[in-house]
There are 4 protein chains.
Amino acid sequence: MKKHIAVLTSGGDAPGMNACIRAMVLNAERAGHKISGYLRGFNGVLNDDRICLTAQRMHNLIQQGGTILHSARCESFCQPQVRQQAANNLKSAGIDTLIVMGGDGSFKGAHALKAHWDGQIIGIPGTIDNDIDQTDATIGYYTAIETAVNSIDKVRDTADAFDRVFVVEVMGRHAGFLGMSAALASASDFVLVPELFECAQTSLQQIKQQIMQRQQSRGPVSYVIVLAENLWPEGVIGLCQNVTEATGLEAKPVTLGHVQRGGSPVSQDRILAVKSGTFAIELVNTDISDIMIGIQNDTLVTVPLEKTWQKQKTLGKDARKTALHLMNQRYID
Amino acid sequence: MKKHIAVLTSGGDAPGMNACIRAMVLNAERAGHKISGYLRGFNGVLNDDRICLTAQRMHNLIQQGGTILHSARCESFCQPQVRQQAANNLKSAGIDTLIVMGGDGSFKGAHALKAHWDGQIIGIPGTIDNDIDQTDATIGYYTAIETAVNSIDKVRDTADAFDRVFVVEVMGRHAGFLGMSAALASASDFVLVPELFECAQTSLQQIKQQIMQRQQSRGPVSYVIVLAENLWPEGVIGLCQNVTEATGLEAKPVTLGHVQRGGSPVSQDRILAVKSGTFAIELVNTDISDIMIGIQNDTLVTVPLEKTWQKQKTLGKDARKTALHLMNQRYID
Amino acid sequence: MKKHIAVLTSGGDAPGMNACIRAMVLNAERAGHKISGYLRGFNGVLNDDRICLTAQRMHNLIQQGGTILHSARCESFCQPQVRQQAANNLKSAGIDTLIVMGGDGSFKGAHALKAHWDGQIIGIPGTIDNDIDQTDATIGYYTAIETAVNSIDKVRDTADAFDRVFVVEVMGRHAGFLGMSAALASASDFVLVPELFECAQTSLQQIKQQIMQRQQSRGPVSYVIVLAENLWPEGVIGLCQNVTEATGLEAKPVTLGHVQRGGSPVSQDRILAVKSGTFAIELVNTDISDIMIGIQNDTLVTVPLEKTWQKQKTLGKDARKTALHLMNQRYID
Amino acid sequence: MKKHIAVLTSGGDAPGMNACIRAMVLNAERAGHKISGYLRGFNGVLNDDRICLTAQRMHNLIQQGGTILHSARCESFCQPQVRQQAANNLKSAGIDTLIVMGGDGSFKGAHALKAHWDGQIIGIPGTIDNDIDQTDATIGYYTAIETAVNSIDKVRDTADAFDRVFVVEVMGRHAGFLGMSAALASASDFVLVPELFECAQTSLQQIKQQIMQRQQSRGPVSYVIVLAENLWPEGVIGLCQNVTEATGLEAKPVTLGHVQRGGSPVSQDRILAVKSGTFAIELVNTDISDIMIGIQNDTLVTVPLEKTWQKQKTLGKDARKTALHLMNQRYID
């Protein structure tokens, strides 16, 4: 049966969102469905701000960062009457399936629509933080690692040239996926992420001890610390001061910031996006709804939306162990 | 117990080999083992051409392509007396564990040593082709995809500017992993890999049909075909001629060649390399031997070496279906 | 006075053409001019295939390779009656200024229009070959160097790993700018470009001599030769065979091909494109016509179109000397 | 005559310093000179901390960021007795020529040595800021532009997705070269560099006016401002607050920081480094001393060291005009 599908992107943008939109549009068109895009997340539904998506528009889109549908927060969406308005608009527009790409906040919004609207609701995880439970990866995560690692590779050059300490702040406030992967792949010397963080004092002692040991055995050292945002009491500048006081060595801060959100998606994000988008369109005309499309052990799965935010996804024990073992850090079980 | 570990890289070089060597050396040194590197694959064992590996040397190595241990074919290794000589050298040098990084040819060599030497033998899959059974990925595979995709993204610019057909030849003679991933991530229009190849005639008809349909619906088209090496009867130039004859449109060849083998490893290869290398050193002092370290569902496993070449690893049915569905190609079950 | 400007891109596409189009459109719109784009080079003029260009369309265009105006050869343009038809179309469309971006073939076409049409004619050099006289650089040249160097950096990894000889063929059939710059920046060991080429026999002896000397002093060597296309009698494969025969070492070919034409322009090409495009619009409403915009000593100049192809631009003596000195090659005065 | 040459890198590291060291070593070795490297800038001279440089060590160095000779400040060098000690060490070591790579602080130190030592003194400009007079470019400048532009390209993705204002802080406290080139090549909407800065109030009004105009004509806008470090009264965060207050739109800060200093040098920096280094060795055995090697109109020149810091080098009038014209900013003559 030919359906009318609508897509929106919500929350932080992530590289690969466009690749996913492209896959959905191509597959929808092939299956004979009509497909529209709401602009600026749920605001687009509220304002009925909608564009028609065609295969023609998708040319040369797979490699573009950002999202052509734009994104935005929509705080009023927590109010039932606002969601009712959204539902009314979906009905008026004749939408059968609503596909929401974003993080857990976006999924909560999508799930809450269910009480007001009986169309099909599908979520696709798109966030650089990879902090959504029930899926191994989220669209944008691989690219953000690459961006962070490329930046740390550059910082390492100066750290080596000056035998200096650098603290590099990466995104990821709730989970250490980005921080740990970036630290591991850039051969950073220490990593501070939520899953491994006991307290500032202990970490500082470990850092001091490592630096002192290396100085004794090798002479002047270069040393790079990866820090997840919002973790250290006084932030990246505070940590630099703490390290400088503790070791007598000048520590310099680098904040990667929003650079990590953009850029042309790397292949792994493009492929994940294409697979997820293709699968979403296959679900149209089934009675599977109120779910997120996840990837587990390289297999696409559907997970009830509610399950995606019930448990905080955190770094697995193995990942933590491997990483810390390599970095000489103490492993906290 | 403190052991003497030796490492060699054999077969085609792959980005991430150095990252793996670094992880092994750091972990070996921490555990108190001695670790050496044989130069130029099995030739190093035959000539006792060996260097001492230390953590000091590993600085700034994670990001370098190639292999600091060099690689080379060693055809004489198929002769038992040559392998006996290698075994004698391993004994004389006091090697307890030999770690071989490479493809299936290298693993066959390592396994054949078992009849002559009772030390521990560990294989780590390193090849851009990802054609080794019992592991989901091999070191170098992710980087090769990225290199191919970046190149195809550039070719697409000219294809679009001239509304022209391009055929891009990628590596991967036995399996379509690299070709399929590169085609999918670059939004190529057609892909020719061993697992999907019926015959030249059928493929040519499909290509012709697609191009004709697009010309009718959209006017001048740009069209990119990804071709695995050694698949098309007369090679990439032959396919260009065939397409030109069939469609009346000029098709131009691009051969990516050895560019795909080198370069700084992407994060996914660095992480896989670090995990595999760390795990290899954990196996020292166990009685697990004659095995390859694989990764299955993101978990490190050990697989008897013999099992790694018994079955030709090929693209899974799902991967093929998704890809072809997206590309409009017919799916061959 | 408000004018109607038309732009076209012709000949091989080059990264930065879109950046130049953007600069022209933004400046034209600010000055109150109308600006249109002809599609597919001179074919667009012949078929009156024309689109309206607006600042709105220029968003996010500076970083895109290729050309949104498409390019194409137009062989019939050498016939006077065809050019007369083009002139008629320009008159009918009310075009006051025609801006042609491309290489010397495109400039010849533009200049030949002068006999049939009295509008203003401006050329902007856009080609990766940098082989246009009276300008220090052409749009696309810097990006092509970068692409070639990035590829050779990767090939070097494998050359080093295997102590092997590689021959890398780069574009640039008439002038050695791309080849020499790529060889110099990639630390290649030998370069074969038209300006330095005496004969195959002499070059082969030099290569052989260098390789032999290095083998004696250092043992196994890696060696990278950069070859300009169409220079060696039997091409890149022929040179590989010649080197293999002369030295006994296997030499492998790599052909960079069309990958060198595309890709996001590097900053130097974007800046050159922006400057040239801005200057072109400043020339509107002057009586300067039938000229190319060049850059000489970082200053924008206008040069009669006829002068741009009268002399073959070749590598300067200094550039050749520096390069060869560094590469150990003999300098041919 | 065979000489003993010594090289040091001082001040901030810059991509291409290693490429220059390589060129000097290769050329020195060919000419039969001995060449040494002092470690950590002038500290190496003071402590006679010196290594022997050979062609063998230079392999695969051209593409590495940072400096293998390390760099460091040396504040005590402003004291005559310290410089006398340095001179004594140079004499004891038998150094004939001292080559100093760095910025104007390093050149002042080199020039001051002249009163104490009668050897040959040569400066080579290496800094990402390009703020050294009498040379068109400095080693590292081109790479820093590229790094900044790649980052701003990524920020633009998120700016577009959220129709948001971003302020990106780049390096360059005294001159606007890096800021202006980065802004121009990234199609940023506004640029704040020393040469163009009247006062905060005026700039803020221009920004507000532009944003308001665009909102009226196009609806929601994305807007990127490039800010040179240390220019805005309250820094990048202060500017964000000012813009937010003035426009009612949330402005987000991005600080590129030390990422701009490192990384593999782009081709233009490699080529400049190779030319400068080759020329430096040609000057050995001449009586030219106390000079900097500059590049003017693509020609290598020698400039008395004293002249390099007498005048503040600033953006040329043309560069400012072109850039501002394109960006809609008011041009300050």
Side-chain angles (χ1 to χ4, degrees), chain B residues 9-15 17-18 39-41 43 49 64-73 128 140 143-144 147-148 150-164 166-169 219-220 222 224 236-237 250 252-265, chain C residues 9-15 17-18 39-41 43 49 64-73 128 140 143-144 146-148 150-164 166-169 219-220 222 224 236 250 252-265:
Chain B
T9 50
S10 169
D13 61 317
M17 283 184 160
N18 282 328
L39 298 181
R40 300 186 174 79
N43 299 287
D49 197 0
Q64 285 181 29
T67 160
I68 56 163
L69 295 179
H70 297 254
S71 187
R73 317 278 166 196
I128 64 164
T143 305
T147 299
N150 287 343
S151 295
I152 302 172
D153 279 356
K154 291 187 210 293
V155 170
R156 171 70 73 183
D157 284 340
T158 301
D160 282 355
F162 279 87
D163 312 297
R164 191 184 274 167
F166 274 96
V167 180
V168 181
E169 187 194 271
S222 79
V224 176
V236 61
I237 290 170
E250 193 186 5
K252 294 256 187 187
V254 174
T255 303
L256 297 186
H258 275 83
V259 173
Q260 297 163 89
R261 284 267 193 87
S264 181
Chain C
T9 50
S10 167
D13 61 319
M17 282 182 159
N18 282 329
L39 298 180
R40 300 185 174 79
N43 299 287
D49 196 358
Q64 284 181 30
T67 161
I68 56 164
L69 295 179
H70 297 252
S71 186
R73 317 279 166 195
I128 63 164
T143 305
E146 212 63 43
T147 299
N150 287 344
S151 294
I152 301 174
D153 280 355
K154 290 188 212 289
V155 170
R156 171 69 74 182
D157 284 340
T158 301
D160 283 355
F162 279 88
D163 311 297
R164 193 183 272 167
F166 273 97
V167 181
V168 182
E169 187 193 273
S222 79
V224 176
V236 62
E250 192 187 5
K252 293 257 188 185
V254 174
T255 302
L256 297 185
H258 274 83
V259 172
Q260 297 163 88
R261 283 270 191 83
S264 181

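We name chains A, B, ... by the order of the sequence lines, and we start the count at 1 in each one. From a predicted model like this one, the values you see are computed outputs, not experimental measurements.
- Taken from CZ in C/Arg261 to NZ in B/Lys252, the straight-line distance is 7.5 Å, to the nearest 0.5 Å.
- The contact between B/Thr255 and chain C is made entirely by backbone atoms, counting heavy-atom distances below 4.5 Å.
- In terms of heavy-atom proximity, B/Arg40 sits nearest to C/Asp163 at NE-OD2, 2.5 Å.
- The two residues C/Gly262 and B/Asp157 come nearest to each other via the heavy atoms C-OD2, 3.7 Å.
- With a 4.5 Å cut-off on non-hydrogen atoms, B/Arg156 does not touch chain C at all.
- Heavy-atom minimum distance, B/Ala161 versus C/Thr67: CB-CG2, 3.7 Å.
- Comparing B/Gly257, B/Gly41, B/Ser151 by how many heavy-atom pairs each has under 4.5 Å with chain C, the most go to B/Ser151.
- When the candidates C/Ala72, C/Ser71, C/Gly12 are compared by the number of heavy-atom contacts under 4.5 Å with chain B, C/Ser71 comes out ahead.
- With values rounded to the nearest 0.5 angstrom, C/Gln260 atom CD is found 10.5 Å from B/Lys154 atom NZ.
- Among C/Gly66, C/Pro15, C/Ser264, C/Ala14, the residue making the largest number of heavy-atom pairs under 4.5 Å with chain B is C/Gly66.
- When heavy atoms are compared at a cutoff of 4.5 Å, B/Thr147 approaches chain C solely by way of its side chain, counted from C-beta outward.
- For the pair C/Val168 and B/Val259, the minimum side-chain heavy-atom distance is 4.5 Å or more.
- With chain B as the partner, the residue from C/Thr158, C/Asn150, C/Asp160 showing the most heavy-atom pairs under 4.5 Å is C/Thr158.
- Interface residue B/Val254: only side-chain heavy atoms are found under 4.5 Å from chain C.
- Neither the backbone nor the side chain of B/Asp153 comes within less than 4.5 Å of any heavy atom of chain C.
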